[in-house]
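This report refers to the structure that appears directly beneath it.
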Amino acid sequence: MKFYDHKKIEKKWQNVWEKSKIYQTRKEAKGKKFYGLIEFPYPSGAGLHVGHIRSNTAMDIISRKRRMEGYNVLYPIGWDAFGLPTENYAIKTGIHPEKVTKTNTDIFRKQLKSVGFGFDWSREIDTSNPSYYKWTQWIFLQMFKKGLAYKKKTEINWCTKCKIGLANEEVVGGVCERCGGAVVKKEKEQWMLAITKYADRLDKDLDDVDYLEKIKLGQRNWIGKSEGSEIDFKIKNSSEKIKVFTTRADTIFGATYVVLAPEHELVEILKSKIENIKEVEKYIKEIKNKTDIDRTAEDKEKTGIELKGIKAINPANNEEIPVWIADYVLVQYGTGAVMAVPAHDERDWDFAKKYNLPIKVVIEPYFVKKAGSDAIRDNEPFIERNAVVCVVKHWQEEKYLCLKWKKNDWQGFVVGGIEGNESIISAGQREVTEETGYKNLKFVKKITETIHSKFYHEIKKQNRFAHFETLYFELKNDERDEIAEEEKNIHEVVWVPKNDVLSFTLKDEDMNYIWKRFIKEQPYIDDGIVGNSDKFNGLSSLEAQKQITKFVGGRIVSKYKLRDWVFSRQRYWGEPIPIIHCEKCGYVPVPEKDLPVMLPKVKSYTPTDNGESPLAAISKWVNIKCPKCKGSAKRETDTMPNWAGSSWYYLRYVDPNNKKEFASKKNLKYWTPVDWYNGGMEHTTLHLLYSRFWHKFLYDLRLVPTKEPYQKRTAHGMISAEGGEKMSKSKGNTVDPKDIVETYGADTLRVYEMFIGPFDQTVVWNTNSIIGSRRFLERVWKISEKLTDNKKGSSLIIEQLLHKTIKKVSLDIESMNFNTAISSMMVLLNEMEKNEINKKDFKMFLQILSPFAPHITEEIWNNLGENKSIHISPWPKWNESKIVDEKVKIAVQVNGRVRAEIMITKDMTEESIKEMALKEKNVMTWTEGKEIKKIIYVPNKIINIVA
RNA sequence: GCCCGAGUGGCGGAACUGGUAUACGCGCACGACUUAAAAUCGUGUCUCGCAAGGGAUGUGGGUUCGAUUCCCACCUCGGGCACCA
């Protein structure tokens, strides 16, 4: 046989496949189907990189397996062609973006084909093609008609470098996600999409889809659903009210002031009543001039100013409280106003400390022991006790008095009950003296509010519900009484250095909390028991939230972090927004028969300095007759963001050439939802959320048959450069797949990229390791020469291992553990080299390898006399009975250490296996003179003798 | 600060629901073939120890006959969010 000439083989089969169209989807919408999707690439000038290959190969393998399993497979590809890099390149070179796109997609197509992906090329789409973006515009118009697309003058994020408005999602850390340029606030009329109307469903319907948990979590965090109460605070001597949103209505009695966002409309309304209006206006102006970077700077101190002369009335207790405006309250979230409860909120706490505002405690910490020896016992009554916890400082050193209990593993500060009419201070003093002997205590302060704790008292053998006062004493000297014998038996007195106290009290949540509060003054922000709140005292936080909201006439509502989507771009290379501005009729949609609104040819693509799109300069295109009144009107000159085309592309694939609809009902019904969508984690909050939103909108119009676009979503890890840093053209550390394909072949590249490491994790590219994958394929090539005839069976070892491998590879592909699938095939190959294997069995091996290495397997398959393609042959099935081992080697442990190995057969009883183990020479040495207490046998794995 | 994820040989990594840690690959060493080198094939390769044995899965503790796997605390790295009331 000839040597393995990858160039010849790969070229040959790529041509054959193209002619025979084996990867084309079956036309008739019948039978079981599989729709596998990858994120279509942005055809940048940099060309395809190794990261694309990784994710494309993964879905290629899955699709190929499905095809062999008899599914009608749709694995399509296209181009996410609109976007900034192409436009910027056009500005620089003067070459039309359309031409740039054409050049780039040609390169991408050629590259993708050279790697042997099984795409259905007859369904290729391009978002910048008018036949495609006609439907992007059409969907936008449906949104406009339903009021979901609206124009709004907003403060937008303006990138000073790209000269475009950015969606919130595109601002990362206060700078432009794309270019890293400074982002400032700018007032601009922008088209918006009301994604927030779908916030609740976008959150809830995640329950019904099979996405990786971390993807769901990412989406949920981004949507940021939060349930709470809306409560009105009346303003004294005014008919106006301040509506606040809070998730902690249980703390309302502790609300000592109200804060509005600086942009809050009430400031303007109440202007005449604000005594210090000049300073207030000055403050607001300062805030507005700040960039996002300043506003989000890390340890930025909160600022604010009181609205003098304005008082709000706390609806819970009718107290008059001051009203402030401050930069830590965001106008976009909730109601743009908060009730400040400094005792139970970190931000309010910081602010109150800075401006000397009152702090009122209304929630008392509450701990329940749920684990450990002092965990509460179910079904036993609680005995209530008032008690003290005493933190006592050493008379000289930085050490604190602690007790180590002898009967259990509890350790902490001095704790004891309050007796009769005793004051808490004398109770504390008495307990310290009784338990430790120390006498001369100076009371300094209470450390916290009352702490409530439920636990099991191990000495008294009862459930306790204790209410602790926490006291801080300093010892004046070492004078000490004799400790009673009884106390001595219970615990040991220990002086713990300040830095070690935390680890000493670690096991006990209450002690731990007291200490933390002792060393650092801070608010208690968790749930607890309500106090200081009239008739609500004693309720749990949760219960109080409901009751108090009702009591003050509030409403339970949900709020979301998600904002509406800024959909306008003042750029050329995007879909024109199909709207006409008529002075008489307002915003008029372009009639559907006039779609698509084509991008006009322009000479210069540079955005204008006043922030208008380059389209605005083409008066011939802009000026138009109003379709309604026929009067003079102007076209919208903003274009759509490049998230638009990718929000529905998976729908177009099912019917890419349809001229009447974006896709036919019949095809949609058969093909959607996408069965499996793989893509990058970086798209979970942008593309994935946007497309789910569009899909749900189309579903509401009965235009698509499913609620969700993607049934299953997984994510790949990235490939970083050899130093571990990101691959980038500027760093010059990119790897061009083309070079690898030439030197080692597409099959080697594919196998290597799947073998490199766990698919969902970031991996480091290592060109030196590729040789391993190449050697593997070369050995596969060579071994096909030594196959025995089918009349002779393969050796038993091979037969068993083959079936094990078929099983492992089949399952590993499903769970995307491609690296272990390949390693198991390597193991099989190693054995095949040493043992007899016949053609029939070897062909099964070729079949399971074929999704990974489609060319070489096809060539060998063909050489072995097969006429039809391996890629449409049926996926091999493993035979479970062939996998079962007749004989197994198991380990024999003595006290958890391996001391011997024994061979057992399938039919041996547990008893005989144990007997056999005990007779092993080395086992006998280790068990000699010892009593055998227990023998644990785990079938086919291990036997452990405890002696 | 908060939320995810990960720490295993020289390197990439494997280990099913707790059951013989280090599969598979790279690299390295030695050997065969060769005038020689490359390629290929074979053998070896966590570590201490002559051996019997012992020690190692980021660190410290816990549960268990048995822990890379479960629990607690901490450290380091990667990613996401960042005043969201």
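Chain identifiers are assigned alphabetically (A, B, ...) following the order of the sequence lines, protein sequences preceding nucleic acid strands; residue numbering begins at 1 within each chain.
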### Summary
From the candidates B/rG25, B/rC65, B/rC16, the one with an atom nearest any side-chain atom of A/K934 is B/rC65

### Message
Is a donor from one side chain sitting under 3.5 angstrom from an acceptor on the other, for A/N944 and A/Y937?
### Response
no

#### Entry: Nearest listed nucleotide, side chain of A/F755, among B/rG54, B/rG25, B/rC81
B/rG25

### Query
Counting any heavy atom closer than 4.0 Å, what does A/I756 reach on the DNA or RNA strands: base, sugar-phosphate only, or nothing?
sugar-phosphate

### Query
Quick check: are there more than 12 heavy atoms from other residues, nucleotides or ligands sitting under 6.0 Å from CD of A/E521?
no

### Task
From the options B/rG19, B/rC24, B/rC26, select the nucleotide whose nearest atom is closest to the side chain of A/M826.
B/rC24

### Task
For nucleotides B/rU47 and B/rG10, find the distance between their C1' atoms and express it as a whole number of Å.
13 Å

### Query
Can a side chain N or O of A/N512 be found less than 4.0 Å away from OP1 or OP2 on B/rA73?
no

### Query
How many Å lie between CD1 on A/I890 and C1' on B/rG66, as a whole number?
15 Å

### Query
Contact class for A/S823 vs. all strands (heavy atom < 4.0 Å): base, sugar-phosphate, or nothing?
base

### Query
Rounded to the Å, how far apart are A/I719 CD1 and B/rG13 P?
12 Å

### Message
As an exercise, state the distance from CD1 of A/I902 to NZ of A/K914, rounded to the nearest 0.5 Å.
### Response
12.0 Å

### Summary
A/N895 CG to B/rG19 C1', in whole Å, measures 15 Å

### Message
Given the ring of A/F245, does A/K559 sit roughly above its face, with NZ or CZ under 6.0 Å from the centre of the six-membered ring and within 45° of the axis?
### Response
yes

### Query
Pick the nucleotide of RNA chain B nearest each of A/N766 and A/N922; which residue has the one closer to the 5' end?
A/N766

### Query
Is there a Watson-Crick or G-U wobble partner for B/rA21 with both distances under 3.5 Å, and which nucleotide is it?
none

### Query
Any idea if B/rG9 is syn or anti, going by the 90°-from-0 cut?
syn

### Summary
Here the distance between atom C1' of B/rG25 and atom CG of A/N819, to the nearest Å, is 11 Å

### Message
For a quick test of reading the model: is some side-chain N or O of A/K214 closer than 4.0 Å to OP1 or OP2 of B/rC4?
### Response
no

### Message
Please classify the nucleic acid contact of A/I771 as base, sugar-phosphate, or nothing, using heavy-atom distances under 4.0 Å.
### Response
sugar-phosphate

### Message
Under a 4.0 Å threshold between the charged nitrogen and the carboxylate oxygen, would A/R248 count as salt-bridged to A/D345?
### Response
no

### Query
Roughly how far apart, to the nearest Å, are B/rC16 and B/rG80 at atom C1'?
31 Å

#### Entry: Complementary nucleotide for B/rC30 - Watson-Crick or wobble, under 3.5 Å
B/rG42

### Summary
Here the gap from A/H803 atom NE2 to A/I806 atom CD1, rounded to the nearest 0.5 Å, amounts to 5.0 Å

### Task
Could you give the distance separating B/rA23 and B/rG9 at their C1' atoms, to the nearest angstrom?
13 Å

### Query
Nearest to the side chain of A/V329 - B/rA85, B/rC26, B/rU20?
B/rA85

### Query
So does A/K302 reach the base of B/rC83 with its side chain, donor to acceptor, closer than 3.5 Å?
yes

### Task
For B/rU35, give its Watson-Crick or G-U wobble partner with both distances under 3.5 Å, or none.
none

### Summary
Winner on side-chain proximity to A/N830, out of B/rA85, B/rG12, B/rG25, is B/rG25

### Query
Taking atom C1' in both B/rC11 and B/rC46, what distance in whole Å separates the two?
14 Å

### Task
Can you tell me the distance, in whole Å, between the CZ atom of A/R779 and the P atom of B/rA39?
15 Å

### Message
Only pairs with both distances under 3.5 Å count, Watson-Crick or wobble alike; so what is the partner of B/rC83 in this structure?
### Response
none

### Query
Nearest to the side chain of A/A891, which nucleotide is it out of B/rG19, B/rU20, B/rA85?
B/rU20

### Message
What's the gap between B/rA32 and B/rG25 when it is taken at their P atoms, as a whole Å value?
### Response
24 Å

### Query
Is the shortest distance from a Lys or Arg side-chain nitrogen in A/R775 or A/E778 to a carboxylate oxygen in the other one below 4.0 Å?
no

### Pairing partner of B/rG78 (Watson-Crick or G-U wobble, both distances under 3.5 Å)
B/rC4

### Query
With both distances kept under 3.5 Å, what pairs with B/rC70, Watson-Crick or G-U wobble?
B/rG62

### Query
Does A/R774 make a side-chain N or O approach to OP1 or OP2 of B/rU40 shorter than 4.0 Å?
no

### Message
Is A/R897 close enough to B/rG53 that one of its side-chain N or O atoms is under 4.0 Å from OP1 or OP2 there?
### Response
no

### Query
Which part of the nucleic acid does A/K889 contact within heavy-atom distance under 4.0 Å: base, sugar-phosphate only, or nothing?
base

### Query
Say you pick atom C1' in B/rA85 and the same atom in B/rG5; how far apart are they, in whole Å?
29 Å

### Task
Could you tell me if the ring centre of A/Y513 sits under 6.0 Å from that of A/F367?
yes

### Query
Looking for any heavy atom pair under 4.0 Å, which part of the strands does A/V338 touch: base, sugar-phosphate only, or nothing?
base

### Task
Measure from the side-chain heavy atoms of A/T820 and tell me the nearest of B/rG66, B/rA15, B/rA85.
B/rA15

### Task
Classify the nucleic acid contact of A/E213 as base, sugar-phosphate or nothing, counting any heavy atom under 4.0 Å across all strands shown.
nothing

### Task
Could you say whether A/I770 or A/K834 is positioned toward the 5' end of RNA chain B, judged by the nucleotide with the nearest heavy atom to each?
A/I770

### Query
Which of the following nucleotides, B/rU20, B/rG54, B/rG66, is nearest to the side chain of A/W926?
B/rG54

### Message
Applying a 4.0 Å non-hydrogen cut-off, can you work out what A/Q893 is touching in the nucleic acid: base, sugar-phosphate, or nothing?
### Response
base

### Query
Any idea which of B/rG66, B/rC24, B/rA85 is nearest the A/N944 side chain?
B/rG66

#### Entry: Distance, C1' atom - from B/rA67 to B/rU17, rounded to whole angstrom
14 Å

### Query
What do you reckon, is NZ of A/K354 surrounded by more than 12 foreign heavy atoms closer than 6.0 Å?
yes

### Query
Under 4.0 Å between a side-chain N or O of A/S824 and OP1 or OP2 of B/rC24?
no

### Message
Could you tell me how far B/rC70 sits from B/rA14 if I compare only their P atoms? Round to whole Å.
### Response
16 Å

### Query
Which class fits the ring pair A/F759 and A/H716: parallel under 30°, tilted 30 to 60°, perpendicular over 60°?
perpendicular

### Query
Given atom CG of A/L801 and atom P of B/rC24, what is their separation to the nearest angstrom?
11 Å

### A/D327, nearest nucleotide to its side chain (from B/rU40, B/rC83, B/rG13)
B/rC83

### Message
Rounded to whole Å, please give me the gap between NZ in A/K808 and P in B/rC16.
### Response
9 Å

### Query
Whole-Å distance between B/rA67 P and A/I942 CD1?
11 Å

### Query
Which is true for A/V938 with a 4.0 Å heavy-atom rule: it touches a base, it touches only sugar-phosphate, or it touches nothing?
base

### Task
Give a yes/no on whether any side-chain N or O of A/Y328 is located under 4.0 angstrom from OP1 or OP2 of B/rA85.
no

